Amino acid sequence: MRFGGLTAVRSVDFTVNSGEIVGLIGPNGAGKTTFFNCLTGLYVPTEGTVSYKGTVLPPKPHLVTKAGIARTFQNIRLFANMTVLENVLVGRHTRTKEGLWSALLRGPGFKKAEKASEERAMELLEFIGLAHKRDHLARNLPYGEQRKLEIARALASEPGLLLLDEPTAGMNPQETRATEELVFAIRDKGIAVLVIEHDMRFIFNLCDRVAVLVQGEKLVEGTSDVVQADERVVAAYLGEPFEATPEDTQPATEAESTTSTKGEAQ
Ligand SMILES: Nc1ncnc2c1ncn2[C@@H]1O[C@H](COP(=O)(O)OP(=O)(O)OP(=O)(O)O)[C@@H](O)[C@H]1O
Ligand SMILES: [Mg+2]
């Protein structure tokens, strides 16, 4: 994926098996989000294709969702003036077969499908712990709950692969821990999870494997231990070793990272 003279993501192969959590880390501007945008059809790659389970995906978001890939966004994208339940129902539309006429005429088929959709949406709200807020407007939820609601909306399309772009950004430690539990629970449902995050503790606790993207290319991929011990990763995140000055009483901030990718998600 190129933007003018900048290659944001270059030839990144990726395998995420069902029931597995894989982390995608790398400095700011590494191409992590661009990779997700290519996978989900928001960007059309300058060259190359995206395939999922051996099938090339057309770069159209609704077709990608239909094929089984769902995502959340780095900057929360909810329908602010819709209720919590309605936001999840929106996520289900690629899975409902009822067409426009059926919806307009509100025949028995439509009503039945609508009821089933609502039941499934409520199940998902229970799963994320927001069932009691079904009728609240999304914009009135605290930030951490908005992030959870985005995950529920993504799950509503019944994905085989879930892409999470910085799911704990802006969360307090307690909310981050709860998100960790939620991602484990999603994994336990047999869904493949690919997660971008700058919080290294979160990533290394959570992930079976971690890939590091730097300037659009995959630098290293391996288990948490292997990646943490890799000198190139330390250099990419923290730059040159620095000596603390007396004013520098704060511990070194948690690593930030860059990432990029293109390729196959399965
Ligand atoms: N639509 C666009 N037009 C031009 N350049 C873009 C566009 N989208 C991303 N880029 C550039 O591509 C590079 C990768 O950006 P990207 O947002 O993918 O990084 P990231 O790894 O997600 O970073 P962060 O950790 O800060 O979210 C950056 O240099 C960015 O400025
Ligand atoms: Mg990003």
Side-chain angles (χ1 to χ4, degrees), residues 1-14 16 21-50 57 59-61 64 69-78 143-144 146-148 150-151 153-154 161-171 175-176 179-180 183 193-207 209-222 224 227-228 230 232-239 252-265:
M1 181 79 231
R2 284 194 296 271
F3 300 110
L6 172 85
T7 301
V9 174
R10 184 199 303 267
S11 302
V12 180
D13 292 322
F14 235 93
V16 188
I21 304 170
V22 175
L24 184 54
I25 63 172
N28 293 113
K32 304 179 295 295
T33 297
T34 301
F35 176 59
F36 275 17
N37 288 345
C38 291
L39 288 185
T40 53
L42 284 172
Y43 289 169
V44 180
T46 325
E47 275 172 50
T49 52
V50 173
L57 293 177
K60 294 270 188 323
V64 172
I69 301 180
R71 73 174 294 180
T72 63
F73 292 88
Q74 187 166 346
N75 303 310
I76 295 174
R77 292 191 192 181
L78 289 168
Y143 184 78
Q146 292 192 7
R147 286 232 170 256
K148 276 198 203 167
E150 264 219 315
I151 294 177
R153 186 180 59 183
L161 172 65
L162 177 65
L163 308 174
L164 301 173
D165 196 346
E166 302 198 19
T168 71
M171 285 188 173
E175 288 172 325
T176 299
T179 303
E180 211 171 277
V183 177
V193 183
L194 180 58
V195 55
I196 296 172
E197 191 47 77
H198 285 293
D199 180 339
M200 290 303 115
R201 192 171 305 146
F202 174 83
I203 282 287
F204 291 127
N205 261 342
L206 196 69
C207 298
R209 273 181 299 122
V210 177
V212 186
L213 293 182
V214 177
Q215 292 178 9
E217 296 186 64
K218 192 156 73 176
L219 182 71
V220 189
E221 182 177 350
S224 292
V227 169
Q228 267 174 296
D230 194 298
R232 290 168 301 172
V233 176
V234 177
Y237 266 88
L238 303 174
T253 52
E254 295 234 323
E256 288 194 67
S257 69
T258 311
T259 292
S260 81
T261 301
K262 156 212 140 189
E264 216 173 339

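Predicted, not measured: the structure shown is a model, and the values here were computed from it. Both ligands and their constituent atoms are indexed starting at 1 by order of listing.
- Every N/O-N/O distance between L6 and ligand 1 stays at or above 3.5 Å.
- Each of the following atoms of ligand 1 lies closer than 4.0 Å to a heavy atom of N28: 23 (O), 24 (P), 25 (O), 26 (O).
- In this structure, the separation between CZ on R232 and CG on L219 is 5.0 Å, given to the nearest 0.5 Å.
- Using a 4.0 Å heavy-atom cutoff, Y43 is listed among the residues neighbouring ligand 1.
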### Query
What's the verdict on side chain to side chain contact (heavy atoms under 4.5 Å, CB included) for Q228 and I203, showing C-alpha distance, side-chain angles and the deciding distance?
CA-CA 11 Å; Q228 267 174 296; I203 282 287; over 6 Å; no
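- The residues E221 and R209 are annotated as salt-bridged, a charged nitrogen and a carboxylate oxygen being separated by less than 4.0 angstrom.
- For the pair A8 and ligand 1, the shortest N or O to N or O distance does not fall below 3.5 Å.
- When distances to the Mg ion (ligand 2) are checked against a cut-off of 2.8 Å, N28 contributes no N, O or S atom below that limit.
- Proximity of a side-chain donor or acceptor of E150 to a complementary backbone N or O of L78 within less than 3.5 Å is not detected.
- When D165, N75, T33 are ranked by how near their heavy atoms come to atom 17 (O) of ligand 1, first place goes to T33.
- The closest side-chain heavy-atom distance from V22 to F14 is below 4.5 Å.
- Set against the non-hydrogen atoms of E166, the atoms of ligand 1 under 4.0 Å away are 25 (O), 27 (O).
- For atom 27 (O) of ligand 1, the nearest non-hydrogen atom from the set Q74, R2, K32, E197 comes from Q74.
- Checking T33 against the Mg ion (ligand 2), an N/O/S atom falls under the 2.8 Å cut-off.
- Using a 4.0 Å heavy-atom cutoff, H198 is listed among the residues neighbouring ligand 1.
- Within the model, atoms CZ of R201 and OG1 of T168 stand 11.5 Å from one another, a figure rounded to the nearest 0.5 Å.
- Although no hydrogens or angles enter the test, the distance criterion places a donor-acceptor pair under 3.5 Å between the side chain of K218 and the main chain of D13.
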